[in-house]
Amino acid sequence: MSQKTIMITGIGGVVGQGILRNIAELNLDIPLIGINISAVSAGNYLCDKVYKVPYSYEPGYIDAVKEIVEKENIGLIIPSTDYEAYYLAGAADKLGTVVAASPKEVTEFCLDKYKNYQAFSKYNIPFAKSLLPSEYNNEFVNTIVKPREGRGSRNIFVNPEKPKDFDDSYVVQEFLEGPEITTTFYVKRTGHLHGLITFQRELELGNTAQAEVVFDYDEEMIALILKMIEKYPFRGSCNVQSKVTSKGIIPFEINCRISGTNSLRSQFGFNDVAFTVQENFFNEEPELPNIRKGSALRVILDIIYPDISLNEIKNKNDKFYIR
């Protein structure tokens, strides 16, 4: 049988590119198969092969992934987007391979801030108070209205004049005052918390522009995460976005997949991409985190393909350089 390979989804985005770079740095000599909605994107130069697939919510997506799994002998799929984590987790049995994501019941409510609030409220787990516009009756002094399933800080409205005028694809949340933090934690297949790392960061167009490792909130975040995983089967790498308020740390969004700062986290002792591969591909105990102090800035780099047209770009075997 041919060598097993690893598939990374959404290689055109910063999450997928970070996952690819982290795996490449492990020097495993394992072929990396990338999939994306376009045949050519920024992640091609890190992949051995690249396939174009439909959007994850389109009817042909799972069948397209299954065909690639069988053709390329995929031993592990690592989703890089929330929707792919949800759809792939739900189809893991059909795909016949390991999907690095929490079970469907968890990925489903984490897709929807309103459902997330409802799920956590059952067990008094902190989460930003969230109401549908149709049921909102001026409960909050300050409001923030955002898409229930939106990502990337798009279509967000702070203190809109009439929150009830939005349709119920949006959610009205209490606007939380305080610093924003992003915490990534990893839960082993046994259900035990393996560790966490927290960044205080600044965003530009929805993506992290700069980040600093902070330790001030570890104790409170550990208590919060332990309560989450006691009540719900979170697995693998997950990300909690929170505000530090006068009433304590309150999450407002959770991503049930490896998140965008994975390329930064690995440089400060929390390599959740390595944990994922070690556990789910090699069936090994993941290495222990060793969190270090530090900070990071993101810059834009260029991938240059001399004498190659865009439609000729394939994979890491192309002639290119980075500047």
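None of these values were measured; they are calculated from a predicted model.
With no hydrogens or angles considered, a side-chain donor-acceptor pair links Arg265 and Thr184 at under 3.5 Å. In the model, Gln278 has a side-chain atom that pairs as donor or acceptor with a side-chain atom of Glu287 under 3.5 Å. Side-chain atoms of Ser263 and Arg298 include a donor-acceptor pair closer than 3.5 Å. The closest side-chain donor-acceptor pair between Arg189 and Asn283 falls under 3.5 angstrom. Glu25 and Asn271 form no side-chain donor-acceptor contact under 3.5 Å, judged by distance and modelled atom types alone. A side-chain donor-acceptor contact under 3.5 Å links Tyr61 and Glu84. No side-chain donor from either of Asp48 and Asn315 sits under 3.5 Å from a side-chain acceptor of the other. Checked by atom type, the side-chain pair Asp272/Ser237 shows a donor-acceptor distance below 3.5 Å.
By the criterion of side-chain heavy atoms lying less than 4.5 angstrom apart, applied directly or through intervening Ile, Leu, Val, Met, Phe, Trp or Tyr residues, Phe215 is not grouped with Val240; the two fall into different hydrophobic clusters. In the hydrophobic cluster analysis, where Ile, Leu, Val, Met, Phe, Trp and Tyr join through side-chain heavy atoms closer than 4.5 angstrom, Leu20 is grouped together with Val277. One hydrophobic cluster, built from ILVMFWY side chains closer than 4.5 Å, cannot hold both Val99 and Phe282; they sit in different ones.
By the 6.0 Å contact criterion, CD1 on Ile322 is enclosed, its count of non-hydrogen atoms from other residues, nucleotides or ligands being greater than 12. By the neighbour-count criterion of 12 heavy atoms within 6.0 Å, atom CD of Glu202 is sparsely surrounded, having that number or fewer from other residues, nucleotides or ligands. Heavy-atom contacts from other residues, nucleotides or ligands closer than 6.0 Å to CD of Glu67 number 12 or fewer. The number of heavy atoms from other shown groups lying within 6.0 Å of NZ (Lys188) is above 12. Within a 6.0 Å sphere centred on CD of Glu219, heavy atoms belonging to other residues, nucleotides or ligands number 12 at most. Under a cut-off of 6.0 angstrom, the local environment of CG in Asp93 is sparse, with at most 12 non-hydrogen atoms contributed by other residues, nucleotides or ligands.
The aromatic rings of Tyr170 and Phe166 sit tilted, their planes meeting at an angle between 30° and 60°. Between Tyr305 and Phe320, the two ring planes are tilted [angle within 30° to 60°].
Here the side chain of Lys164 pairs a donor or acceptor atom with the backbone of Tyr136 at under 3.5 angstrom. Checked by atom type and distance alone, the side chain of Gln17 pairs as donor or acceptor with a backbone atom of Gly13 at under 3.5 Å. Side-chain atoms of Asn22 never come within 3.5 Å of backbone atoms of Ile19 as a donor-acceptor pair (strictly under, hydrogens ignored). Without hydrogens or angle criteria, Thr9 side chain to Ser80 main chain gives a donor-acceptor distance under 3.5 Å. At least one donor-acceptor pair under 3.5 Å links the side chain of Asp112 to the backbone N or O of Tyr114. When atom types are taken as modelled, the side chain of Thr182 and the backbone of Phe199 share no donor-acceptor pair closer than 3.5 angstrom. Lys146 places no side-chain N or O within 3.5 Å of a backbone atom of Ile156 that could act as its donor or acceptor partner. Counting only distance, with no hydrogens or angles, the side chain of Glu135 and the backbone of Leu132 share a donor-acceptor pair below 3.5 Å. At distances below 3.5 Å, at least one donor-acceptor pair connects side-chain atoms of Arg148 with backbone N or O atoms of Asp168. In terms of modelled atom types and a separation under 3.5 Å, the side chain of Thr245 and the main chain of Lys247 share a donor-acceptor contact.
The cationic group of Lys113 does not satisfy the cation-pi geometry with Phe127, failing either the under 6.0 Å distance to the six-membered ring centre or the 45° limit from the ring axis.
Atom CD1 of Ile181 sits about 5.0 Å away from atom OG of Ser242, to the nearest 0.5 Å. Between atom CD1 of residue Ile250 and atom CD of residue Glu177 there is a gap of 11.5 Å, rounded to the nearest 0.5 Å. Distance check, rounded to the nearest 0.5 Å: CG of Leu88 to NZ of Lys94 gives 11.5 Å. Here NZ of Lys129 is found 14.0 Å from OG1 of Thr143. Values are rounded to the nearest 0.5 Å. Expressed to the nearest 0.5 Å, how far CE of Met228 lies from CZ of Phe120 amounts to 4.0 Å. Distance check: Thr107 OG1 to Phe234 CZ gives 10.0 Å after rounding to the nearest 0.5 Å.
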Any chance you could lay out the side-chain contact (heavy atoms from CB on, under 4.5 Å) test for Gln241 and Asn255, step after step, and finish with the verdict? CA-CA 8 Å; Gln241 297 177 42; Asn255 306 119; 3.2 Å; yes
Evaluation steps, side chain to side chain donor-acceptor pair (under 3.5 Å), between Glu58 and Tyr87: CA-CA 10 Å; Glu58 294 181 342; Tyr87 286 107; over 6 Å; no
Apply side-chain contact (heavy atoms from CB on, under 4.5 Å) to the pair Leu226 and Leu193, showing each step before the final yes or no. CA-CA 7 Å; Leu226 288 175; Leu193 179 63; 4.2 Å; yes
Are Tyr117 and Gln173 close enough, and set up right, to give a side-chain contact (heavy atoms from CB on, under 4.5 Å), and what steps lead you there? CA-CA 10 Å; Tyr117 172 66; Gln173 288 187 336; over 6 Å; no
Are Phe270 and Tyr186 close enough, and set up right, to give a ring pair (Phe, Tyr, Trp, His ring centres under 6.0 Å), and what steps lead you there? CA-CA 9 Å; Phe270 194 88; Tyr186 189 91; 7.4 Å; no
The test is side-chain contact (heavy atoms from CB on, under 4.5 Å); show your working for Thr97 and Met7 and say whether it passes. CA-CA 10 Å; Thr97 192; Met7 175 189 287; over 6 Å; no
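Across all their heavy atoms, Ile11 and Ser41 have their closest contact at CG1-OG, 3.7 Å.
Ser130 is not listed as a side-chain neighbour of Val172, based on a closest heavy-atom distance of 4.5 Å or more. Looking at heavy atoms from C-beta onward, Ile35 lies in side-chain contact with Ile68 at the 4.5 angstrom threshold. Contact of the Leu131 side chain with the Glu139 side chain is registered, since non-hydrogen atoms from C-beta on lie closer than 4.5 Å. Between Gln200 and Pro179 the shortest side-chain heavy-atom distance falls below 4.5 Å. When side chains are defined from C-beta on, Ile33 does not count as touching Val50, because their heavy atoms never get closer than 4.5 Å. By the 4.5 Å heavy-atom criterion applied to side chains, Pro126 and Leu224 are counted as neighbours. The shortest distance between side-chain heavy atoms of Tyr217 and Ile249 falls below 4.5 Å.
Aromatic pair Tyr55/Tyr83: ring centres not closer than 6.0 Å.
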